[in-house]
Every structure is written in structure tokens, then in C-alpha cells.
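Before any comments, here is the structure.
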Amino acid sequence: MSRFWSPLVHTLQPYVAGEQPAIADIVKLNTNENPYGPSPRALEAIAAATNETLRLYPDPTSLGLRKTVATHHGLSADQIFVGNSSDEVLALTFQALLKHRAALLFPDITYSFYPVFCRLYGIDFVEIPLDADMRVRLDDYRRSCGGIILPNPNAPTGVGLARAEIETLLQAQPDVPVVIDEAYVDFGGESAIPLIDRYPNLLVTHTLSKSRSLAGLRVGVAFGQRPLIEALERVKDSFNSYPLDRLAQAGAAAAYEDKDWFEQSCAKVIASRERLTTMLRGLGFDVLPSSANFVFARHATHKAADLFQGLRERAIIVRHFNKPRISDYLRITIGTDAQCDRLAEALGEMARWNGLGPGAVDGR
Ligand SMILES: *Cc1c(COP(=O)(O)O)cnc(C)c1O
């Protein structure tokens with residue numbers, strides 16, 4: 001605290017990112033990074049762009065990248081906005097589209113950045129409880145509001161909604177902006193992008209951090225009809241005209257062009273997710289059905305906080321949220337099969353030590 005702070009700063013409750021610990025031989029399954037790495041073509045493009053042209057400002061509109069993304073999704077470049085991470089795209093969206101007199105709606109269990117943005121911008125919000133199965137109940141969003149934002153699949157549950165359900169919501173709420181945060185959609189979810197041409201109130205956001213394995217490059221995208229995109233551009237150009245540097249623009253475009261790499265790494269993550277889910281259920285975990293690159297699981301008898309600590313002592317880092325309704329769960333990023341095996345082995349050991357749970361799965 002300091003007397004030099006603007007008054008707003010005293011009221012902020014910043015987002016706490018998953019840790020990036022410096023532990024040797026760590027199995028890092030806590031921030032939903034992709035274990036397979038970026039497309040080699042993206043790395044080549046970044047290397048090729050690393051030259052004396054870095055003395056020049058980048059294209060402020062990232063037109064080349066937007067054209068590439070547009071082609072990939074069958075849209076036009078003017079329906080696409082790009083920013084320096086999807087967190088930044090979301091921050092601009094909260095300011096540009098989601099601040100109204102009526103409250104913004106989002107789930108009680110969701111991406112914890114949403115309430116942080118609301119406090120930053122002074123946006124009223126109402127948290128709508130997930131149902132007993134930890135699902136978003138869209139009927140609960142048919143009430144008067146200033147806007148709606150939902151991740152699909154939801155985070156940190158991984159549970160997805162069908163496109164048809166999103167469309168029903170758009171029909172029920174034609175007069176407010178509806179933002180669908182599709183950070184994890186490429187791991188088996190159904191994207192709402194095909195609805196954009198029919199629903200002027202729909203904005204969809206994506207990130208290259210998860211399915212394209214470029215969390216370190218910081219690139220996010222928004223899709224919507226022209227007036228929504230223009231709102232984002234107006235706020236961006238009142239804040240930072242050059243959010244994407246030259247390397248990010250080159251690397252991101254090449255990542256979209258390498259469709260094979262993208263599809264193969266998503267398929268590997270999905271296969272490992274199904275395998276890990278089976279192993280965890282065998283160890284006595286209740287695992288929510290996930291369409292993401294992580295699973296959300298709770299053990300029948302062991303406290304998540306204890307499991308988290310025990311894993312940490314074995315250099316395996318997962319995410320635990322000490323929050324109402326979800327403090328019994330661990331969020332586990334899908335790693336390689338070898339990493340998933342190390343995790344399952346460690347959890348099996350812990351269950352045996354305590355004489356609880358079906359520790360003797362492998363007969364020992
Ligand atoms: C990871 C994540 C983001 C942010 O992605 P970045 O592009 O890395 O900022 C946005 N929304 C959800 C739900 C996420 O899980």
C-alpha cells in the first residue's frame with residue numbers, strides 16, 4: 001500500500017496465475033500448457049522475422065495474421081480482432097462490450113479473471129451457480145442483464161455445452177452481448193464461430209496458448225460481426241496501437257498455417273485425457289467429463305489439499321483452488337502419457353500409504 005496509489009488500485013484483487021516453479025525434473029501440470037510444443041513452422045517463422053526489421057514498428061492492425069486466421073475459419077479479416085493474449089482480448093472486451101448499467105452474468109465456478117476484470121472496470125456482475133453436476137444451466141441465464149460471458153468448455157471444470165445450446169441462449173438474449181470464451185474448444189468442444197453470421201450479439205474468443213502450444217508468444221483472437229470488432233479496435237487504439245509485435249504476428253500466422261501439427265497435437269492430448277481419466281477413476285477419483293486439455297477430479301476419501309501437497313513433494317505440480325464448491329477438486333493439465341503415468345503412480349502411492357482408496361489397483 002502506498003499513498004502514491006490511485007484510489008482504484010487499493011480496491012483491486014488481482015488474478016493469481018498458476019506458479020512457474022524452478023524445480024528440477026518437474027512434471028508441470030498446473031497451467032494447461034501443451035506438452036507437445038509449437039509447430040516447427042511457427043518457430044522457423046519467428047526466427048526468420050528476427051532481423052533488423054525489428055527496428056520498425058509492427059503492422060498495428062496485424063492484417064496478415066488476421067487474413068490467415070480468417071481463411072482458417074472461413075470468415076473475413078474484418079470479423080477478426082487479435083491481441084497480445086486472450087486475456088488482453090478479454091480485458092478489452094469487458095471494457096468495450098460488457099460494461100452496462102445492468103449486471104454482467106457468468107458462472108460462480110469459472111475463469112477467475114472475470115471478476116478481476118469487473119473490479120478493474122467497475123462492472124456489476126452476478127455469478128450464476130453451476131448445477132449439482134457442475135454444469136452451466138443456460139435456462140438460468142434467461143434473465144434481464146447487461147451481458148453474458150461463458151467459457152465453453154468451462155474452466156476449471158472442462159465441461160462443455162453444445163453449439164445448439166449456445167444458439168438457444170443467443171435467441172433468448174438477442175439484446176445483450178454474449179461472449180463465448182473458447183480457450184479450450186479445440187480439444188473436443190463445439191465452436192460457436194459458425195453462428196457469428198446470424199447473431200450480431202455474439203463474440204467468440206480464442207487463444208494460441210493451449211491448442212497451438214504458444215503460451216509464451218501471447219496471442220489471442222476474437223471473432224464477431226463488424227460492430228463488435230470495431231468496439232474492440234476503438235478501445236485497443238485508445239490503449240496500445242501495437243499489441244502484437246513482429247515476432248508474434250509471424251509465429252502466430254505460421255502456427256495457423258500448420259494445420260497438421262495442430263490437429264495431431266490436439267488428437268494426442270485428447271487420447272491422453274481419456275487414458276488419464278480411466279486411470280484416475282481406477283484410483284478412486286470422480287472425474288468430470290472434460291472437453292479440454294485438463295481434467296477436474298476429486299477423490300472419494302482424500303482431501304485435494306493433501307494430494308496437492310503430496311504431489312508437490314514429488315515434483316508434480318497441479319492446480320488446487322481453495323474456493324467454495326471446488327476445494328475438493330484438483331485441476332490436472334493433460335501432459336504426455338509418460339507425465340500422466342508419473343502422476344498416477346504418485347497418486348496410487350499416496351492412496352496406499354494412507355490405507356484409503358483402492359490403493360491396490362496394481363495388486364501390490
Ligand atoms: C488460458 C485461458 C485464457 C487466456 O489465455 P491467454 O491467451 O494465455 O491469455 C482465457 N480464458 C480461459 C478460460 C483460459 O483458460
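Start at 1 and go down the list; that is how both ligands and their atoms are numbered. The figures that follow rest on heavy atoms only: side chains count, while hydrogens, waters and symmetry mates do not.
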**Asked** Looking at atom 1 (C) of ligand 1, what's its closest protein heavy atom, distance included?
**Response**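 In this structure, atom 1 (C) of ligand 1 has Lys210 NZ, 1.2 Å as its nearest protein heavy atom.
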**Message:** Counting non-hydrogen protein atoms only, what is the nearest one to atom 15 (O) of ligand 1? Give residue, atom name and distance.
**Reply:**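 The answer is Tyr184 OH, 2.5 Å.
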Atom indices of ligand 1, in the order listed, that fall short of 4.0 Å to a heavy atom of [X]:
| X | result |
| --- | --- |
| Ser86 | 3 (C), 4 (C), 5 (O), 6 (P), 7 (O), 9 (O), 10 (C) |
| Ser85 | 7 (O), 9 (O) |
| Ser209 | 6 (P), 7 (O), 8 (O) |

**Prompt:** What part of Glu88, side chain from CB on, backbone N/CA/C/O, both or neither, has a heavy atom under 4.0 Å from ligand 1?
**Reply:**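 It is neither part, as no heavy atom is under 4.0 Å.
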Go through the side-chain N and O atoms of [X] and [Y] and say whether any donor and acceptor fall under 3.5 Å apart.
| X | Y | answer |
| --- | --- | --- |
| Tyr57 | Asp245 | no |
| Tyr199 | Gln171 | yes |
| Lys268 | Tyr36 | no |

Under 4.0 angstrom from ligand 1, any heavy atom of [X]?
| X | answer |
| --- | --- |
| Arg218 | yes |
| Asp181 | yes |
| Phe113 | no |

**Message:** So that I can tick it off, tell me whether Glu88 and Arg218 are bridged by a salt bridge, with the cut-off set at under 4.0 angstrom between side-chain N and carboxylate O.
**Reply:**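 Result for this pair is no, no salt bridge flagged.
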**Prompt:** Are any of the side-chain nitrogens in Lys67 or Asp78 under 4.0 Å away from the carboxylate oxygens of its partner?
**Reply:**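 No salt bridge links Lys67 with Asp78.
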**Item:** Side-chain heavy-atom pair His100, Asp124 within 4.5 angstrom cut-off
**Value:**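 A side-chain contact is absent here, since even the closest heavy-atom pair is not under 4.5 Å.
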**Request:** Evaluate the ring planes of Phe117 and Phe113, with Trp represented by its six-membered ring, and classify them as parallel (under 30°), tilted (30 to 60°) or perpendicular (over 60°).
**Result:**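 Phe117 vs Phe113 ring planes: parallel.
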